[in-house]
Amino acid sequence: MKLSYESRALSEDLIYVELKGEFGYPDVLHTKDELYRLLGKAKKNLLIDLNSLEYIDSVGIGVIIGLQKRASELEGTLSLICRKGKIFKIIELVGLDKAFNLFSSFAAARQSLLGVS
């Protein structure tokens, strides 16, 4: 399954992005610039939902790390939504579960980041 995504603003400075399919080479390279653009548009905060991914490789992980670095430069945050499963195991294996705000669901992320239930 090819990589696709949907995005929407949750607030003035927070954009939600749901990734679907395979977040890996070469498709991730076409989406990377758009994710950086969305981060800039959000002014600093991005929430990326990984729950609909079937696959992620080292290039995809590298894009996520790069986005976090850029968010930090903007004095913002990059948060991830990823429940238990094969993608979570990869996130955990490379230590991203300790480096990011990590939520198991959209509802939990929304509550924490926006104070909305």
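Scope of the values below: all heavy atoms of this structure, side chains included, with no hydrogens, waters or symmetry mates.
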Can you give me the closest heavy-atom contact between [X] and [Y], atom names plus distance?
X	Y	value
Ser7	Ile15	CB-CG2, 4.3 Å
Ser112	Phe103	CB-CE2, 3.4 Å
Val28	Leu3	CA-CD2, 3.9 Å
Leu78	Gln68	CD2-N, 3.6 Å

With rounding to the nearest 0.5 angstrom, report the [atom1] to [atom2] distance, [X] to [Y].
X	Y	atom1	atom2	answer
Asp49	Ser79	CG	OG	11.5 Å
Leu19	Asn51	CG	CG	10.5 Å
Ile64	Leu46	CD1	CG	10.0 Å

Contact check, side chains of [X] and [Y], non-hydrogen atoms, under 4.5 Å:
X	Y	result
Leu47	Leu113	yes
Leu10	Leu114	yes
Ile81	Ile48	no
Phe23	Val63	yes
Tyr36	Leu67	yes

Checklist entry - Do any N or O atoms from the side chain of Asp97 and from the backbone of Leu102 form a donor-acceptor pair under 3.5 angstrom? => result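 Pair absent, no side-chain N/O of Asp97 close to backbone of Leu102.
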Checklist entry - Got a donor-acceptor contact below 3.5 angstrom from the Asn45 side chain to the Thr77 backbone? => result yes
Checklist entry - Tyr5, Leu14: one ILVMFWY side-chain cluster at the under-4.5 Å cut-off? => result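 The answer is no; the residues belong to distinct hydrophobic clusters.
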Checklist entry - In terms of hydrophobic clustering (I, L, V, M, F, W, Y; side-chain heavy atoms under 4.5 Å; direct or indirect links), are Tyr25 and Leu50 co-clustered? => result yes
Item to check | Whether over 12 other heavy atoms sit under 6.0 Å from Glu75 CD | outcome: no
Checklist entry - Taking the six-membered ring of Phe106 as reference, does the NZ or CZ atom of Arg83 fall below 6.0 Å from its centre and within a 45° cone about the axis? => result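 No, Arg83 and Phe106 do not form such a contact.
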Checklist entry - So, are Glu34 and Arg37 salt-bridged, with charged N and O less than 4.0 Å apart? => result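 Yes, charged N to carboxylate O under 4.0 Å.
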Next on the checklist: Under 4.0 Å between a side-chain nitrogen and a carboxylate oxygen: does that hold for Glu6 and Lys20?
Outcome noted: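 Answer for the salt bridge query: yes.
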